[in-house]
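Input: a single structure, listed below in structure tokens.
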Amino acid sequence: MRSSPWGPEASKVFPCLPVAYLGLANPTCTMPPVRRTNFGENQTLQPAAAYTPANEAEVLSLLERHRGQQVRAVGSLHSWSEAILVDGVLLDLRRLHTVELDSEDDQLVATVGAGCQISLLLKELDRQGATLPSLGLITVQTIAGAISTGTHGSGRHSLSHYVVGVRLARYDAASGKAVIQDVNEGADLEAARCSLGALGIILSVRIRCREQYLVQEHFREYSQLSDVMRAEDSFPLQQFFLIPWRWSYLVQHRKETEQARSWHASLYRAYWLIVMDYGLHLLILSFVRWTEIRSLVRLTFRYVLAAFAVRNWRVVDRSSSMLVMRHEAFRHIEIELFVRRNHLHEALRFSKDVLLVAGGKEAELSKENQAWVLAQGMQESLAGLYDQHCHHYPICVRRVIPDDTLISMASGAGEDWYALSFISYARPQQRAGFLLFAEFMAASMSRMFDARPHWGKLCPLGPKELNSLYPRFDEFRATCTEFDPDGVFKNSWTAALLDSEGITGESEPV
Ligand SMILES: Cc1cc2nc3c(=O)[nH]c(=O)nc-3n(C[C@H](O)[C@H](O)[C@H](O)COP(=O)(O)OP(=O)(O)OC[C@H]3O[C@@H](n4cnc5c(N)ncnc54)[C@H](O)[C@@H]3O)c2cc1C
């Protein structure tokens, strides 16, 4: 199977994009080095120069032209972390977006241009009866951006795990010339599968695919976590939501199925779009941004919100429709913390305790958790959080099977990981309370449960604390040094991360 849906010239594919933006007015593909902000409007990029190269040769010639300067690539700027920052030369690889699907040793493998958005990739794979083995909630990310931060869904490995080859542009250490290297095996591949842009410029990604499949889904509500976890055997793709202020679990039970697509699947899609993607979110926005009445938030979450999820409506649809939503429809900010399965119960109890304090409903955590906070000397941070943030979004919990990577959040053999996500829809200038909460959660949960923050979301830990969470971080650092001895592919955030040693005894101050 082989196809290349896009011609060599992106201008033919995207005739409506502004010429200046694609850089077509200028043979060197220069974009004006204007300020850019990310989706969450919490990061600003101020590159000295910006380009949208059309092919690999142009990437190499840009690297030659800017030898010795900082060079970083970005994708769709849907990360919230400092991993996306660039103040030197910015490369936007949106014009490298071909897709080729092949069969290798009975395994479907797609070779995908680095700047190809997941939505385009899925469309092309679907046309050939295939799909990705794992999907996040949205599809606007680029493939290179998605794997670089360990993007994941529920019930599978993260996307990074399925990568079998990464084609990188970097500088040769001996000659100093810009070269292309294919990374196909060993620790180098494990590093390249999730590399925060620190190994070089990703030109294309080879990723395992599978035949398109169908997923059956239905909602149910539970009061006990143990019941939710028991259902995992029957519904391995499930994800669930802890509903704040109601403190029950709303579960999206999901499993692969051989059944045919439901006749009412299109109706279900319309329900998701109108009721969940827009209706529910507009209701949340109305409390958080327009009225700001906390008691209304709590009452709605306690009595109204769960009614949005129609229980026991069993629907079968294509995986690439069922597993995603329009979560990018409204601007928001998120922190996501990964804990191992044996910590999940305690981590959710701790989260609830902290949310009660942050929401001004309790002055202290429950006895055990409060004693732990005291022992860690974190009582002042906790006191500072009191009544600062009324949580207003379901806490999504997704299971991620351990990855064969060096530093994706689910890296390392052993138990499954569970990602707990905390989201705020407050306006960018009104996020102070949520940011305090996110800092406290990252600092406490990393110490208590070795919780790892998602690399692409808010990541409010110091470099030492971050790299201590990854047993193979030294190998990652060594690979980065080998691939980028002069450190030109680092920004100041990845530099601090890569230059620091892990914590051996004392923790960094919160
Ligand atoms: C609404 C929303 C929903 C989300 N849902 C999920 C979810 O369900 N699951 C999940 O895990 N994450 C999710 N995310 C996070 C998102 O998937 C990651 O942050 C992802 O990295 C964003 O991809 P991007 O293309 O926007 O890359 P960017 O954010 O632009 O870049 C991310 C990193 O990739 C590097 N990079 C990009 N392109 C290249 C290249 N060509 N060469 C080298 N390095 C490169 C950048 O330097 C940067 O370090 C969500 C984000 C948003 C805003």
Side-chain angles (χ1 to χ4, degrees), residues 36-43 45 47 52-53 56 59 63 70-86 88 90-97 112-119 121 134-154 156-160 166-170 192 194-205 239 277 281 323-336 338 393 396 398 400 403 408-410 417 419 421 423 425 453-459 483-484 489-491 493-494 497:
R36 288 167 181 73
T37 47
N38 62 338
F39 166 83
E41 282 189 3
N42 67 315
Q43 302 290 353
L45 290 71
T52 55
E56 294 185 347
V59 174
L63 290 188
Q70 181 206 66
V71 187
R72 301 267 301 168
V74 295
S76 305
L77 294 179
H78 272 61
S79 297
W80 288 275
S81 74
E82 282 102 323
I84 48 175
L85 292 180
V86 188
L90 178 152
L91 300 187
D92 176 337
L93 301 196
R94 65 177 59 205
R95 295 166 77 192
L96 274 68
H97 55 196
V112 190
C116 182
Q117 280 194 319
I118 304 280
S119 53
L121 171 57
S134 174
L135 279 178
L137 286 179
I138 57 164
T139 59
V140 295
Q141 313 96 322
T142 60
I143 188 71
I147 66 159
S148 294
T149 63
T151 296
H152 66 96
S154 193
R156 308 258 198 238
H157 304 276
S158 73
L159 273 174
S160 303
V166 175
R167 192 166 163 83
L168 280 170
R170 64 182 193 88
C194 172
S195 67
L196 310 174
L199 287 190
I201 306 301
I202 299 174
L203 299 168
S204 62
V205 172
Q239 61 187 17
D277 291 341
H281 286 83
L323 301 178
V324 299
M325 63 184 286
R326 299 275 170 85
H327 207 217
E328 74 284 11
F330 301 100
R331 189 172 316 293
H332 59 269
I333 194 162
E334 177 174 348
I335 182 166
E336 187 168 40
F338 284 62
Y393 202 77
C396 181
R398 292 180 282 179
V400 190
D403 293 335
S408 68
M409 295 76 70
W417 290 84
S421 86
I423 291 180
Y425 276 80
H454 192 304
W455 290 116
K457 304 189 180 180
L458 280 181
C459 210
F483 277 64
D484 179 26
F489 297 116
K490 295 177 189 169
N491 61 19
W493 187 72
T494 56
L497 188 66

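Just so you know, ligand 1 is whichever comes first in the structure, and atom 1 is the first atom listed for that ligand. Please read all numbers here as calculations on a predicted model, not as lab measurements.
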* To do: Measure up the His332 and His327 rings against each other and bin them: parallel (under 30°), tilted (30 to 60°), perpendicular (over 60°).
  => tilted

* Asked: Under the salt bridge (charged side-chain N to carboxylate O under 4.0 Å, His left out) test, which residues partner Arg167, sequence neighbours left out?
  -> Glu56, Asp182

* Measuring from each atom of ligand 1, which residues have a heavy atom under 4.0 Å away? -> Phe39, Arg72, Ala73, Val74, Gly75, Ser76, Leu77, His78, Ser79, Trp80, Ala83, Ile84, Leu93, Ala114, Gly136, Leu137, Ile138, Gln141, Thr142, Ala144, Gly145, Ala146, Ser148, Thr149, Thr151, His152, Leu196, Gly197, Gly200, Ile201, Ile202, His327, Glu328, His332, Arg398, His454, Gly456, Lys457

* To do: List in chain and number order the residues that pass side-chain contact (heavy atoms from CB on, under 4.5 Å) with Val324, two or more places apart in sequence or in another chain; answer none if no residue qualifies.
  => Leu135, Thr139

* To do: Just jot down the salt bridge (charged side-chain N to carboxylate O under 4.0 Å, His left out) partners of Arg331, sequence neighbours excluded, or say none.
  => Glu41

* Look at the rings of Trp493 and Trp455 and say which category their plane angle falls in: under 30° parallel, 30 to 60° tilted, over 60° perpendicular. => perpendicular

* To do: For the residue pair His152 and His454, categorise the inter-ring angle as parallel (less than 30°), tilted (30 to 60°) or perpendicular (more than 60°).
  => tilted

